[in-house]
Each structure stands twice: as C-alpha cells, then as structure tokens.
Q: 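Quick one: the structure is below, questions incoming.
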Amino acid sequence: MINVIGLGYIGLPTALMLASHGVEVIGTDYNKDLVDTLNAGKTTFKEDGLDELFHKALESGIKFSYEYQVTDTYIISVPTPYDKFSKKVDACYVVAAVKSVMDVCPKGATVVVESTVSPGTIEKFVRPVIEKNGFVIGKDINLVHAPERIIPGNMVYELLHNNRTIGADDVAVGEKIKNLYASFCQGEIIVTDIRTAEMTKVVENTFRAVNIAFANELAKICRHDNMDVYEIIKICNMHPRVNILQPGPGVGGHCISVDPWFLVGDYPSLAKVIDESMKTNDSMPDFVLNRIYEIMKETGISDFKRDGLYGLTYKENVDDMRESPTLQLLESQARHLAEPLKVYDPFITKDEVSNQYHDLDTFLNDVDLVVIMIGHTEIKDNMQKLAGKIVLDTRKVCNIPGVYRL
Ligand code: SAJ
C-alpha cells in the first residue's frame with residue numbers, strides 16, 4: 001500500500017492516478033476540512049479531468065485520512081516555499097512530514113519525496129531526521145526523490161504522458177519506484193542520483209523563468225521606444241533557433257515564481273542571470289500599474305474607481321491564485337495607499353479581495369478601463385462585451401481596435 005502524504009495540487013492527482021491504475025492508496029493530509037471534503041466525495045480544486053479521475057480512484061478503493069499509515073512506501077508531496085529574506089528553500093513542511101512518517105514506518109520502508117527542493121536539501125534536512133530516529137539509510141529506510149513535472153490546467157494528461165526523473169542512492173531502489181510510477185506514466189523515466197534529481201527540477205523551472213523574463217524585458221524595451229513587441233517576437237520566432245516566450249503582467253504559481261529563488265539563495269554570487277530574471281518578472285505588476293496611470297492620463301479617466309482588473313488567478317482557466325500577478329499588483333497598489341481596484345474572475349467564486357465582482361456584466365458596467373490580467377476562455381468568448389471600453393490587454397488576447405498593450 002502507498003501512503004501519499006499531502007493532498008494538494010500535486011499529491012491529490014498523483015494519489016488518484018496510482019489508485020485508478022490498480023495500486024492500493026491511502027491519502028493523508030493534516031487539513032481535516034480537506035480530508036472531510038474528499039471523504040464526502042468532492043474534489044478540492046478545479047482541473048480538467050480531475051473529477052473523472054477521482055471517481056475512478058474511489059471505485060478502485062482509494063481512502064483518505066488525517067493519520068499517517070503503517071506501510072512500506074510513502075510519497076511526500078507537501079509545499080516547499082522559500083524564505084523571503086534568505087531566498088533559500090524552506091523545507092519545514094517536508095521535514096515535518098518525514099518526522100511523522102518516521103513515527104509510524106516499519107524498517108524496510110521507502111520514503112519518496114516529490115516536493116520540489118533545492119539541490120542538497122535532502123542531504124541537509126531529510127537524512128538527519130531519518131538517522132535521528134535510529135534508522136540506517138539504505139539498510140532500514142530507502143530514500144528517493146521523484147520531483148513532479150505537471151502543469152496546472154493539463155495535469156491529468158501530463159501525469160500520464162510526461163517523462164519523469166527518479167533520484168535514488170541505490171539503482172535497485174530507484175528501479176522499484178520507477179516501476180511504481182510506470183503503473184500510470186507512459187513517458188520515459190530516468191533513474192539518477194538524488195542531488196541530480198533535485199537540481200534538474202529546479203533548473204527546469206529556472207529555464208522557464210529566465211525565458212519569461214527575457215520576453216518581459218523586451219516588452220519594456222519596446223514600450224520605451226514604441227515598438228510592437230508581439231510582432232517582433234513573432235518574426236524572431238520564425239528563425240529556426242529562436243523561440244521567445246510571451247511577455248505578461250508577471251509570473252505567478254507556486255513553481256516558477258518560487259523555485260529559481262532557491263538557486264539565488266544558495267549561490268548568490270553565481271546565480272546572477274537568475275537573480276536579475278526573477279527581479280524582472282517581479283517588476284511586471286508595477287509595470288502594469290504604471291501603464292494604467294499612463295493610459296488614464298491619455299484617455300482622461302481620473303477616477304480609479306472606474307478601473308477594473310479582469311483575472312485573479314495566476315494563469316488562464318485554472319482556479320489557482322497563488323502568487324498571482326493580480327494579487328501582486330493589488331499589494332503594490334495598497335502600499336501606495338490607493339483604494340483597491342475593482343476585480344473580477346469567473347474562477348474565483350468566494351470573496352478573496354476587496355471590490356471583487358462575481359458577474360462579468362455587472363463588473364463591466366461599473367468600469368471604464370478594463371485591464372485583462374488573464375486570458376481566460378470566458379473573456380476570449382465575450383470580446384464583444386468590451387466594445388466601448390478602454391482596454392489594457394497584458395496577454396494579447398483581445399483584438400478590438402484601439403486596445404492598449406504592455
Ligand atoms: N507566463 C508568462 N509568459 C509565458 C509563459 C508563462 O508570463 O510565455 C506566466 C504564466 O502566466 C504564469 C507563470 O508564467 O503566471 C507560470 O506559468 P507556467 O504555465 O509557465 O508554469 P506553472 O507554474 O503553471 O508550471 C510550471 C511548469 N514548469 C515548466 O514548464 C518548466 C510545470 O511543468 C511544473 O510541473 C510546475 O511549474 C511545477 O510544479 O514546478
């Protein structure tokens with residue numbers, strides 16, 4: 001039986017995927033509300049195909065509990081934030097989960113850490129916890145790092161099809177865990193050592209962060225001299241070896257806006273490009289705020305109460321608001337003691353911020369300037385409703401005449 005610890009954005013789909021492919025699974029989370037919701041037959045976030053997968057897993061006998069289980073295999077999938085000052089990984093949730101596993105696990109068990117961690121974290125923080133409990137790693141307890149790679153919005157497909165990395169001290173143990181993931185994963189699974197697995201995961205997200213920062217920097221340069229960044233990127237990307245990403249209002253989510261900081265925190269004098277890239281991405285919500293001021297001046301809008309932000313999530317068609325550019329922009333605005341802008345997002349049904357709307361038409365009625373922060377399908381399908389509005393489109397999803405861009 002597999003005990004999956006942490007039933008969030010990664011742990012839950014992984015547990016469901018294993019269970020629906022015939023593996024006996026108990027999912028554990030210390031959040032009682034979350035476990036109760038799952039036990040009541042409901043999923044805890046929206047994701048394409050998740051509900052179907054959930055029902056399949058329930059039929060296959062998956063169980064959810066607040067308790068850690070006595071078993072031979074644990075998969076730990078808990079958050080790894082970064083310390084805002086040191087920029088280093090904050091491994092406290094992983095350490096707490098491993099400690100709890102140590103309280104119940106028998107000798108011979110394998111502990112798989114799925115959470116993203118910076119290179120050396122397992123050596124520094126996880127191994128000592130296991131050893132402190134009197135276990136010899138490699139003899140009494142096996143340790144594996146199997147970082148996930150799935151993207152919110154396409155999680156179910158990517159769990160099935162992405163290639164994966166397994167890091168283990170011992171190849172035989174790595175192969176055993178590879179076979180477990182191969183119960184559902186049709187991609188190639190590479191077995192390597194733990195430190196390499198830690199580093200590859202962080203590097204993958206850093207690659208994306210640096211490339212997004214490049215696009216964002218181009219947007220700033222082009223704005224400065226009134227050039228069309230989108231046309232320029234489109235033409236450059238016709239070169240066989242150029243593939244520039246899209247500029248945007250900033251970078252959110254729990255991965256790309258977080259993981260690269262681990263490298264800056266651990267290697268401050270070496271990770272220069274990464275440091276600058278993260279700062280560039282973090283500057284984008286303020287850049288948008290400046291664009292709002294400029295456009296208000298140009299169009300004669302003097303009242304912030306007539307400005308509205310469309311989109312609260314960190315990207316399109318997900319209900320995840322973690323680190324979202326809109327939240328970052330609102331925070332920055334609050335620091336200037338300004339009245340918060342009006343906000344609407346079809347995916348956020350609960351009140352999360354001030355001046356939040358829950359209906360597109362009412363929101364549009366109350367604003368003159370609409371800032372598209374996210375290109376949800378809803379707004380793409382309702383472009384005609386923006387006629388007569390002043391629109392700042394930070395995602396290039398809107399083609400109405402006179403639209404403003406980054
Ligand atoms: N963004 C841009 N411009 C782009 C692409 C993205 O501004 O051209 C923004 C998005 O709007 C969003 C942020 O970047 O705010 C991140 O979004 P994303 O879709 O690039 O990635 P995440 O954070 O949802 O998922 C990433 C993925 N990593 C990579 O693509 C290398 C995913 O595969 C990882 O599993 C995930 O991080 C993770 O958990 O680490």
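In each ligand, atom 1 is the first atom listed, and ligand 1 is the first ligand listed.
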Q: Which of the atoms of ligand 1 are close to Pro152, meaning less than 4.0 Å from one of its heavy atoms?
A: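 Here the atoms of ligand 1 in question are 24 (O).
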Q: Of all the atoms in ligand 1, which lie at a distance below 4.0 Å from a heavy atom belonging to Glu204?
A: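 In order of numbering, the contacting atoms are 31 (C).
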Q: Applying a 4.0 Å heavy-atom criterion (strictly less than), which segment of Ile150 is in contact with ligand 1: side chain, backbone, both, or neither?
A: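 For Ile150, only backbone atoms sit under 4.0 Å from ligand 1.
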Q: Do Asp193 and Arg195 meet the salt-bridge criterion of a basic N to acidic O distance under 4.0 Å?
A: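 So Arg195 does not pair with Asp193 through a salt bridge.
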Q: Go through it in stages, so that I can follow the logic: the residues are Asp366 and Tyr357, the test is side chain to side chain donor-acceptor pair (under 3.5 Å), and I'd like the CA-CA distance, side-chain angles, deciding distance and then a yes or no.
A: CA-CA 10 Å; Asp366 281 5; Tyr357 284 69; 2.6 Å; yes
Q: Can you list the steps and then say if Ile348 with Thr313 is a side-chain contact (heavy atoms from CB on, under 4.5 Å)?
A: CA-CA 8 Å; Ile348 306 299; Thr313 62; 3.8 Å; yes
Q: Thinking salt bridges, do Arg164 and Glu148 make one under a 4.0 Å N-O criterion?
A: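 Salt bridge: no.
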Q: Hey, mind stepping through Ser77 and Thr14 against side-chain contact (heavy atoms from CB on, under 4.5 Å) and telling me if it holds?
A: CA-CA 9 Å; Ser77 194; Thr14 305; 5.6 Å; no
Q: Which ligand 1 atoms are under 4.0 Å away from a heavy-atom of Cys255?
A: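 Result: 23 (O), 36 (C), 37 (O), 38 (C), 39 (O), 40 (O).
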Q: When you look for heavy atoms under 4.0 Å from ligand 1, do you find them on the side chain of Arg395, its backbone, both, or neither?
A: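 Within the 4.0 Å criterion, Arg395 contacts ligand 1 through side-chain atoms alone.
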Q: Going through the checks in order, is the side chain to side chain donor-acceptor pair (under 3.5 Å) test met by Tyr404 and Glu298?
A: CA-CA 11 Å; Tyr404 289 89; Glu298 195 181 315; 3.0 Å; yes
Q: Write out the residue and atom name of the closest protein heavy atom to atom 5 (C) of ligand 1, then the distance separating them to 0.1 Å.
A: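 Here the nearest protein heavy atom works out to Arg208 NH2, 3.4 Å.
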Q: As a quick check of understanding, evaluate side-chain contact (heavy atoms from CB on, under 4.5 Å) for Met17 and Leu160, giving each step before the final call.
A: CA-CA 8 Å; Met17 201 49 100; Leu160 288 169; 3.6 Å; yes
Q: Against ligand 1, does Gly253 come closer than 4.0 Å with any heavy atom?
A: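 Contact absent.
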Q: Out of all atoms in ligand 1, which are within 4.0 Å of some heavy atom of Ile151? Include the element for each.
A: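 So the answer, numbered in order with elements, is 19 (O), 21 (O), 24 (O), 25 (O), 27 (C).
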Q: To check your reading of the model: name the closest protein heavy atom to atom 3 (N) of ligand 1, its residue, and the distance in Å.
A: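 Among all protein heavy atoms, the one nearest atom 3 (N) of ligand 1 is Gln246 O, 2.8 Å.
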Q: Are His376 and Phe347 an aromatic pair, judged by ring center distance below 6.0 Å?
A: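 Yes, ring centres under 6.0 Å apart.
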Q: Please list the nearest protein heavy atom to atom 19 (O) of ligand 1 with its residue and the distance rounded to 0.1 Å.
A: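 Scanning the protein heavy atoms, the shortest distance from atom 19 (O) of ligand 1 goes to Lys315 NZ, 3.0 Å.
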Q: Does a donor on one side chain and an acceptor on the other come within less than 3.5 Å for Lys220 and Ser283?
A: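 Present: a donor and an acceptor within the cut-off.
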Q: At a 4.0 Å threshold, what atoms of ligand 1 neighbour a non-hydrogen atom of Val251?
A: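 Near Val251, meaning under 4.0 Å from one of its heavy atoms, ligand 1 has 13 (C), 14 (O), 15 (O).
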Q: Tell me, which protein residue and heavy-atom name are nearest atom 16 (C) of ligand 1, and how many Å apart are they?
A: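 Of the protein heavy atoms, Gly252 O, 3.8 Å lies nearest.
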Q: Would you say the ring centroid of Tyr30 lies under 6.0 angstrom from that of Tyr68?
A: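 Ring centroids of Tyr30 and Tyr68 are no less than 6.0 Å from each other.
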Q: What protein heavy atom lies closest to atom 17 (O) of ligand 1? Include the residue and the distance to one decimal.
A: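 That would be Tyr314 CE1, 3.9 Å.
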Q: For ligand 1, which atoms sit closer than 4.0 Å to a heavy atom of Lys201?
A: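 So the atoms of ligand 1 that pass are 38 (C), 39 (O), 40 (O).
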Q: Check each atom of ligand 1 against the heavy atoms of Arg149 and keep those under 4.0 Å away; list them by number with element.
A: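 So the atoms of ligand 1 that pass are 32 (C), 33 (O), 34 (C), 35 (O).
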Q: In the protein, which heavy atom is nearest to atom 40 (O) of ligand 1, and how far is it?
A: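 Checked against all protein heavy atoms, atom 40 (O) of ligand 1 sits closest to Asn205 ND2, 2.6 Å.
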Q: Thr116 versus ligand 1: do any nitrogen or oxygen atoms come within less than 3.5 Å of each other?
A: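 Between Thr116 and ligand 1 (N or O atoms, distance only) the closest approach is not under 3.5 Å.
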Q: Looking at ligand 1, is there an atom of it that comes within less than 4.0 Å of some heavy atom belonging to Glu316?
A: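 No.
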Q: Whether Glu378 and Lys385 form a salt bridge (side-chain N of Lys/Arg under 4.0 Å from carboxylate O of Asp/Glu) is what I want to check.
A: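 No.
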Q: Determine, step by step, whether Asp361 and Tyr344 satisfy the side chain to side chain donor-acceptor pair (under 3.5 Å) criterion, reporting the C-alpha distance in whole Å, the side-chain angles of both residues, the deciding distance to 0.1 Å, and the verdict.
A: CA-CA 10 Å; Asp361 293 330; Tyr344 162 75; over 6 Å; no
Q: Do any nitrogen or oxygen atoms of Glu158 lie less than 3.5 angstrom from nitrogen or oxygen atoms of ligand 1?
A: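 No; every N/O pair is 3.5 Å or more apart.
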Q: Closer than 4.0 angstrom, basic N to acidic O: yes or no for Glu231 and Lys234?
A: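 So Glu231 pairs with Lys234 through a salt bridge.
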Q: Hey, does Ile10 come in under 3.5 Å of ligand 1, counting only N/O atoms on both sides?
A: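 For ligand 1, there is no N or O atom that lies under 3.5 Å from one belonging to Ile10.
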Q: So which of Ile256, Val202, Ile212 gets nearest to atom 14 (O) of ligand 1, if we judge by its closest heavy atom?
A: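 Selected option, by shortest heavy-atom distance: Ile212.
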